[in-house]
Amino acid sequence: QVQLVESGGGLVQPGGSLRLSCAASGNGFSITGMGWYRQAPGKQRELVATIIGGRTNYADSVKGRFTISRDNAKNTLYLQMLSLKPEDTAVYYCNAQINFPLTGDYLYWGQGTQVTVSS
């Protein structure tokens with residue numbers, strides 16, 4: 001089994017910054033790709049950024065402000081968020097496409113971490 005555990009959320013003022021982390025734990029797997037999604041109250045979950053094979057992709061709303069990165073040795077995903085805006089307020093979830101050699105690919109989600117941008 002694989003667990004994804006997010007951390008780093010919190011309350012920040014507009015214009016501030018936060019760095020989210022997502023650590024994958026378990027054995028006998030490899031990670032094909034990882035990503036960050038977010039869900040604001042009353043809205044659908046939306047893509048924030050993904051990183052697959054070193055290639056990154058960002059939602060237009062976060063381009064130039066957020067940076068996704070991954071430490072393969074630690075199986076940890078990061079999201080550096082700068083110039084935060086109130087509309088960035090949401091629960092942020094990480095996901096990972098996990099490959100088990102004998103059983104194939106599975107998509108895992110973390111439990112989410114709250115980010116609140118408010119003065």
Side-chain angles (χ1 to χ4, degrees):
Q1 276 291 346
V2 174
Q3 270 197 318
L4 300 179
V5 179
E6 297 113 331
S7 61
L11 172 65
V12 63
Q13 292 186 341
S17 61
L18 283 174
R19 188 175 85 149
L20 305 183
S21 300
C22 172
S25 62
N27 293 296
F29 66 90
S30 60
I31 300 175
T32 305
M34 301 185 81
W36 288 99
Y37 290 72
R38 66 187 181 186
Q39 187 166 18
K43 295 187 176 181
Q44 289 189 331
R45 191 173 297 188
E46 63 176 5
L47 179 145
V48 175
T50 61
I51 181 166
I52 302 172
R55 297 180 66 179
T56 58
N57 179 55
Y58 296 91
D60 288 342
S61 59
V62 306
K63 280 181 182 176
R65 300 188 298 121
F66 291 11
T67 302
I68 189 172
S69 62
R70 179 181 158 185
D71 185 332
N72 293 331
K74 296 181 179 180
N75 279 338
T76 301
L77 179 72
Y78 302 99
L79 184 69
Q80 179 68 55
M81 304 186 292
L82 304 176
S83 302
L84 282 161
K85 305 175 181 180
E87 51 263 43
D88 294 317
T89 296
V91 178
Y92 283 70
Y93 298 90
C94 73
N95 76 1
Q97 188 79 24
I98 302 287
N99 178 264
F100 292 92
L102 297 180
T103 57
D105 294 333
Y106 300 86
L107 185 65
Y108 285 83
W109 290 89
Q111 82 287 354
T113 184
Q114 177 70 47
V115 172
T116 302
V117 185
S118 175
S119 54

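Between Leu77 atom CG and Ile51 atom CD1 the span is 7.0 Å, to the nearest 0.5 Å. We find the OG1-CG distance between Thr67 and Leu79 to be 8.0 Å, quoted to the nearest 0.5 Å. Put simply, CD1 on Ile98 and CG on Leu107 are 8.5 Å apart, with the number rounded to the nearest 0.5 Å. Put simply, CG on Asp105 and CZ on Phe29 are 13.0 Å apart, with the number rounded to the nearest 0.5 Å. The structure places SG of Cys94 at 7.5 Å from CD of Gln111, a figure rounded to the nearest 0.5 Å.
Between Gly33 and Ile52, the closest heavy-atom pair is CA-CG1, 4.1 Å. Across Gly28 and Pro101, no two heavy atoms sit closer than the pair O-CD, 3.4 Å.
Few gaps surround CD on Glu46; more than 12 heavy atoms of other groups in view lie less than 6.0 Å from it.
Between the Trp109 side chain and the Leu4 main chain, no donor and acceptor come within less than 3.5 Å of each other. A distance-only check finds a donor-acceptor pair linking the side chain of Asn95 to the backbone of Gly35 [under 3.5 Å].
By the 4.5 Å heavy-atom criterion applied to side chains, Leu47 and Asn57 are counted as neighbours. Between Thr113 and Ser7 there is no side-chain heavy-atom pair separated by less than 4.5 Å. Contact check for Tyr108 versus Gln1: side-chain heavy atoms found under the 4.5 Å cut-off. By the 4.5 Å heavy-atom criterion applied to side chains, Leu20 and Glu6 are not counted as neighbours.
Taking hydrophobic clusters as Ile, Leu, Val, Met, Phe, Trp and Tyr residues chained together by side-chain heavy-atom distances below 4.5 Å, Val91 does not share a cluster with Met81. No chain of hydrophobic side-chain contacts below 4.5 Å, direct or via other Ile, Leu, Val, Met, Phe, Trp or Tyr residues, connects Val2 to Tyr37. There is no path of hydrophobic side-chain contacts, each under 4.5 Å, that joins Tyr78 to Leu18. Residue Tyr58 is grouped with residue Met34 when hydrophobic side chains (ILVMFWY) are merged at heavy-atom distances under 4.5 angstrom, including chains of intermediate members.
The closest side-chain donor-acceptor pair between Arg70 and Asn72 falls under 3.5 angstrom.
Qualifying side chain to side chain donor-acceptor pair (under 3.5 Å) partners for Gln114, counting only residues two or more places apart in sequence or in other chains: Thr116. Scanning for salt bridge (charged side-chain N to carboxylate O under 4.0 Å, His left out) contacts around Lys43 gives an empty result, with sequence neighbours left out.
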Could you go through the side chain to side chain contact (heavy atoms under 4.5 Å, CB included) check for Ser118 and Leu11 one step at a time? CA-CA 7 Å; Ser118 175; Leu11 172 65; 4.2 Å; yes
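Residue pairs meeting the side-chain hydrogen bond (donor to acceptor under 3.5 Å, both in side chains) criterion with at least one partner in residues 82-93, sequence neighbours excluded, are Arg38-Asp88, Arg38-Tyr92, Arg65-Asp88.
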